[in-house]
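These notes concern the structure reproduced below.
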Amino acid sequence: MKYLLAALALSLPLAACATPRAPTAPAPVVEAVDAAAETAAIVAVLNAQDTAWNRGDIDAFMDGYWRSPELRFASGGNITRGWDETNARYHRVYGTPELMGTLTTTDYEIVILSPDAAIAHGAWMLERDGDRPSGLYTLVMRKIDGEWLIVSDTTTSAD
């Protein structure tokens, strides 16, 4: 019993010296986001791109992308960096109305991450004479100067 009391007496000062567990940090304050309105604004950008593509206007299609050398576009196992380079790639690969075909995008899944960041997933299909390539895409979007723009595009082919 003496040993038990002695052990208890020695452990109390040690317990007092122990570092207390840090309190959990409060959750960051996030601005309220009208997810429905932001989702609608992003879908409007995607629809405008489809419309521009289907009238053969690659430059107007590119209005949905961030006009920056930091734009990232990944497709076909290759990465293109920069708005100018991505625009040139689209013109090189899809330079005629026949190559452009008719674009349809569907299956939108928009995830609003913050007031100025979102992820957009979807499916794409081109209808052209003799073939119908299709696939999926994932877009990282940022709201820059009040406008939703694609800052990173990863497009895959199902074919």
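By the 4.5 Å heavy-atom criterion applied to side chains, Ile110 and Ile112 are counted as neighbours. Using a 4.5 Å heavy-atom cutoff, the side chains of Ser75 and Arg89 are in contact. Here the side chains of Met141 and Val45 are in contact, with some heavy-atom distance below 4.5 Å. Inter-residue side-chain proximity for Leu46 and Leu139 is flagged as met; some heavy-atom pair is nearer than 4.5 Å. Between Thr155 and Phe73, the closest side-chain pair of non-hydrogen atoms falls below 4.5 Å. For the pair Ile150 and Val140, the minimum side-chain heavy-atom distance is 4.5 Å or more. Contact of the Leu126 side chain with the Met100 side chain is not registered, since no non-hydrogen atoms from C-beta on lie closer than 4.5 Å. Using a 4.5 Å cut-off on side-chain heavy atoms (C-beta onward), Val151 and Ile144 make contact.
Between the CG atom in Asp129 and the CG atom in Leu99 there is a gap of 11.0 Å [rounded to 0.5 Å].
Pairs of residues two or more places apart, or lying in two chains, never qualify as ring-ring contact (aromatic ring centres under 6.0 Å, His included) while including a residue from residues 120-159. Residues in residues 136-145 take part in these salt bridge (charged side-chain N to carboxylate O under 4.0 Å, His left out) pairs, two or more places apart or across chains: Glu38-Lys143, Asp116-Arg142.
Note on ring orientation: taking the six-membered ring where Trp is involved, the planes of Trp53 and Phe61 are perpendicular (angle over 60°, cut-offs 30° and 60°).
Using a distance-only test at 3.5 Å, with no hydrogens or angles considered, no donor-acceptor pair links the side chain of Asp107 to the main chain of Gly122.
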